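In this text, all values refer to a predicted model and were calculated from it rather than measured experimentally. Quick note: residue numbers are just sequence positions, from 1.
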Amino acid sequence: MSDTLEKAAAALNEKLSGGAFDASAKFAIADLGAIVLDANGARVSDEEADVTLSADADTFEQILSGDLNPTGAFMSGKLSVDGDMGIAMKLASVLA
């Protein structure tokens, strides 16, 4: 299990602590693995989710740090979304 993924899951849990996220989403990070977020928080996992957001590690780190807006990453082709776009947008607002 990647130390990078564990740290990212912990950071996502901090961001999610204030707001309820009642759906499931998966960040698929190229060459590293995946993180699933749902009502129970974020964890390193590759289980099915309502929406999957795929990006390379650099793009994911920029989104997580707040240096890159998830919507901007999607529009520029750095982030791809597979599944429920409404849930992806809700997640983007929770993480902002």
Side-chain angles (χ1 to χ4, degrees):
M1 196 173 305
S2 169
D3 192 42
T4 302
L5 288 177
E6 287 292 340
K7 288 178 183 174
L12 285 167
N13 277 321
E14 285 182 27
K15 287 183 176 277
L16 290 171
S17 65
F21 185 66
D22 57 1
S24 64
K26 176 167 52 174
F27 280 107
I29 306 154
D31 301 324
L32 287 180
I35 297 172
V36 172
L37 298 87
D38 58 21
N40 297 319
R43 64 195 170 281
V44 177
S45 175
D46 196 20
E47 62 200 63
E48 290 296 312
D50 297 323
V51 65
T52 299
L53 299 96
S54 303
D56 62 26
D58 186 52
T59 300
F60 176 69
E61 287 176 20
Q62 288 179 35
I63 290 170
L64 193 58
S65 69
D67 293 337
L68 181 62
N69 179 300
T71 304
F74 174 74
M75 294 298 200
S76 67
K78 292 181 177 183
L79 177 71
S80 64
V81 177
D82 182 26
D84 190 319
M85 185 62 82
I87 292 173
M89 297 191 58
K90 182 177 180 180
L91 177 61
S93 68
V94 169
L95 296 179

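For the side-chain hydrogen bond (donor to acceptor under 3.5 Å, both in side chains) test, no residue two or more places apart in sequence or in another chain qualifies with Asp82. Under the side-chain contact (heavy atoms from CB on, under 4.5 Å) criterion, Ser76 pairs with Lys78, not counting sequence neighbours.
Leu12 is not listed as a side-chain neighbour of Phe21, based on a closest heavy-atom distance of 4.5 Å or more.
One distance of note links CD of Glu14 with CG of Leu64; it measures 9.5 Å at 0.5 Å rounding. With values rounded to the nearest 0.5 angstrom, Leu37 atom CG is found 12.0 Å from Ile87 atom CD1. Interatomic distance, CD1 of Ile29 versus CG of Leu5, reported as 5.0 Å (0.5 Å rounding).
With hydrogens and angles ignored, the 3.5 Å screen pairs no side-chain donor or acceptor of Asp84 with any backbone N or O of Val51. At distances below 3.5 Å, at least one donor-acceptor pair connects side-chain atoms of Asp50 with backbone N or O atoms of Ser24.
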* Could you please spell out the steps behind the side-chain contact (heavy atoms from CB on, under 4.5 Å) verdict for Thr71 and Met89? => CA-CA 8 Å; Thr71 304; Met89 297 191 58; 5.9 Å; no
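For the side-chain contact (heavy atoms from CB on, under 4.5 Å) with Phe60, the qualifying choice from Leu32, Thr4, Ile35, Leu79 is Ile35, the only one to do so.
Linking ILVMFWY side-chain heavy atoms closer than 4.5 Å, directly or via other members, places Leu16 and Val44 in a single hydrophobic cluster. Taken together through direct or relayed side-chain contacts under 4.5 Å among Ile, Leu, Val, Met, Phe, Trp and Tyr, Val36 and Leu53 form parts of separate hydrophobic clusters.
The minimum heavy-atom distance linking Glu47 with Lys26 is given by the pair O-NZ, 3.4 Å.
Other residues, nucleotides and ligands contribute at most 12 non-hydrogen atoms within 6.0 Å of the CD atom of Glu48.
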